[in-house]
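Labels below follow one simple rule: chain letters A, B, ... track the order of the sequence lines, proteins then strands, and each chain is numbered from 1.
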Amino acid sequence: MSFWLRPLFLAAMIVLACLAPLGQGNYIIYILTSWLLFSVAAMGLNLTLGYAGQISLAQASFMAIGAYITALLTLAGWHWLIAMPLSLLACFFIGLLLGYPALRVQGHFLAFVTLAFNTLVFLVLRNEDWLTGGSYGLVGMPRPDFGIFNTAKQLQFYYFALAVTVVAALVMWGIVRSPWGRAFRALRENPMRAESLGVDTRRITLLAFAIGSAYGGLAGALVTPLVQFIEPGSFGLVHSLRILLMVVVGGAGFFFGPFVGAAVVILLPEFLRFTEGYYLLIYSALVIVMLAFAPNGLIGIGARLRARFLPLQARGDLAQGSRLK
Amino acid sequence: MTAPVLSIRGVSKSFGGIRAVRDVSFEVAKGEILGLIGPNGSGKSTLFNCVLGQLRPDEGDVHVNGKPVSGMRASELNKLGVGRTFQQLSVFPQMTVLDNIILAGQEHHGTMLSRLLGKPDAGLTGQAEELIAFFRLDHLREEKAGSLSYGQQKLLDAAMAFMAGPDLVLLDEPAGGVNLTMLADLRERLQTYNREHGASFVVIEHNMEFVMELSTRIIVLAEGEIIAEGAPEEIRANQSVIDAYLGS
Ligand SMILES: Nc1ncnc2c1ncn2[C@@H]1O[C@H](COP(=O)(O)OP(=O)(O)O)[C@@H](O)[C@H]1O
Ligand SMILES: [Mg+2]
């Protein structure tokens, strides 16, 4: 996207997001809030997978870690403003550890390692009752009160989540535009070349996991006060796959991909509800069609249309390379 | 007498039963352009990879500017002032030409933290534009590298190796697949860079004319061993080289 288009698009999205819940019932507002949370989680995975090219099937487990730490701390009387950064930090460092296998294995093997990690977290949450409440989970977490602004009501919580999401998105924007962002993309496209140009690919790989996981933790820190009831089942492998779907459907490696992807994965089933029993069927079919015909996701379709209709320079001598042996 | 920029002593490397490089030793002086030639499979790329940390030699050692570099990671070696290209075209196809070049320089500026919080271009746009202009790719600055012609990508690939201002550049078949006009361009650019910056090059090349014109000295490898060494004219006339190429 061009220099101006992106900020314009961002401003338009923020305005839309501000207007969206007005006049809606609590349920719709709740759905919109979960769109925000999952956008944050997907934004993190988009950094790890979309920008840096490291597959991870563990994003839901970082939401879990963030959600449980926030829950335990806020239940113990700490303010969300302290619980959230601690959740984020914990996920950053655990994500860093999860990155180590990526230094040795790639692709399918890495997918399995991260999948195993997700299962491990799930089992710990379910079995360590003394801390996590086991299968029953944790209940009664308070919503944050900021004195002048209390998030107890659904609409207020939505705006609170929106503010957090916007800040998270701005930080992410800063990251992907920075030299780090360039190094992440270089890692995805050609790690050996990147290394030969001075990029410490080991460090960059670990950071891709750590930062991506911290975003998962942030999403988790928002889940806790939103639903005020968490249990291990909400963070199983299926949910990691759902976040992966969001990234892929929206467009991996595109800044706005996660927002679009999360909207499709969360909102579309709601729209399709009128079809009653068929909605899952229609939904799955749409996803299959989409992945088959637009592997770069919805944003990717937009980019492809632009490339199609805007003239490209330098194509003239493209044929020359193929003529030479 | 200054220390050689690159000194290779007794380097050997085997893959299973294949002895790809056997006891190779040579030095590269400051400002020298050394051509490394030899038939396919004679161990040229393997030797490069041993020098550049992609492979660990079984025996022997490598010094850059007098420092031992065995076991060093490729990124650390690059920070010591060694640039390289790969035999396979190695650009970042989804990034613009400008981003490719900036990436090639950014790790040499500031700290890890300043690369996160500082300017998105690490303050390198000006320098990158100069280098892009030097390789005559200015009109393609904002294009995705993957949309360039093969020859243009080869130029970009070579340009990246120069962005950090290296003392030593190892080029693995820079002319491979490049058309004739661009070939002359590439050679002239490399020579100009060498003259203006005093950087040393080691160039692996199959295109005899290209490497003979470019280099100040040539080393010939066959089956992992050095079989001849000398000025381009001497190598042209050397019978064992002719034999090696004709397949004795
Ligand atoms: N990674 C590898 N594993 C096994 N054999 C290899 C590997 N790399 C190179 N070789 C072998 O080593 C020999 C030298 O290869 P190479 O250095 O690529 O030659 P050149 O670059 O001179 O064409 C060849 O016989 C090649 O098959
Ligand atoms: Mg080779």
Any side-chain donor-acceptor pair under 3.5 Å between B/Asn78 and A/Ser196? no
Look at the rings of B/Tyr193 and B/Phe162 and say which category their plane angle falls in: under 30° parallel, 30 to 60° tilted, over 60° perpendicular. tilted
In terms of heavy-atom pairs under 4.5 Å with chain A, the winner among B/Ser114, B/Pro120, B/Ala74 is B/Pro120
In terms of heavy-atom pairs under 4.5 Å with chain A, which of B/Val82, B/Ile102, B/Leu52 leads? B/Ile102
Once rounded to the nearest 0.5 Å, what's the spacing between atom CZ of A/Arg193 and atom CG of B/Asn100? 9.0 Å
Check whether any side-chain heavy atom of B/Ser200 lies under 4.5 Å from a side-chain heavy atom of B/Val169, and answer yes or no. no
Options B/Lys79, B/Met160, B/His108, ranked by heavy-atom pairs under 4.5 Å with chain A, top entry: B/Met160
Give, as side chain, backbone, both or neither, the part of A/Ile204 having an atom under 4.5 angstrom from any heavy atom of chain B. side chain
Report which part of B/Lys119 has an atom under 4.5 Å of a heavy atom belonging to chain A: side chain, backbone, both, or neither. backbone
Look at A/Val199, A/Leu207, A/Thr201, A/Ile175 and state which one has the largest set of heavy-atom pairs under 4.5 Å with chain B. A/Val199
Under 3.5 Å, is there a donor-acceptor pair between the B/Gln153 and B/Ser149 side chains? no
Where does A/Arg202 contact chain B at under 4.5 Å (heavy atoms): side chain, backbone, both or neither? both
Out of curiosity, B/Arg187 CZ to B/Glu205 CD, how far, rounded to the nearest 0.5 Å? 11.5 Å
Verify whether one side chain among A/Thr48 and A/Gln54 offers a donor that lies under 3.5 Å from an acceptor in the other. no
Of the backbone (N, CA, C, O) and the side chain (C-beta and beyond), which part of B/Ala122 lies under 4.5 Å from a heavy atom of chain A, both, or neither? both
Checking heavy atoms, do the side chain of B/Glu142, its backbone, both or neither come under 4.5 Å from chain A? neither
Six-ring centre of A/Phe184, A/Arg182 cation under 6.0 angstrom, axis tolerance 45°: no
Please identify, among B/Asp157, B/Asp121, B/Asp99, the residue contributing the most non-hydrogen atom pairs under 4.5 Å to chain A. B/Asp99
Between B/Met163 and chain A, with a heavy-atom cut-off of 4.5 Å, which part of the residue counts as in contact: side chain, backbone, both or neither? neither
Using a cut-off of under 4.5 Å on heavy-atom pairs, state which of B/Met95, B/Gln54, B/Gln106 scores highest against chain A. B/Gln106
Is the NZ or CZ atom of B/Arg189 positioned over B/Phe134's six-membered ring, under 6.0 angstrom from the centre and within 45° of the axis? yes
Counting heavy-atom pairs under 4.5 Å with chain B, which one of A/Gly198, A/Ser178, A/Ala183, A/Ala186 comes out on top? A/Gly198
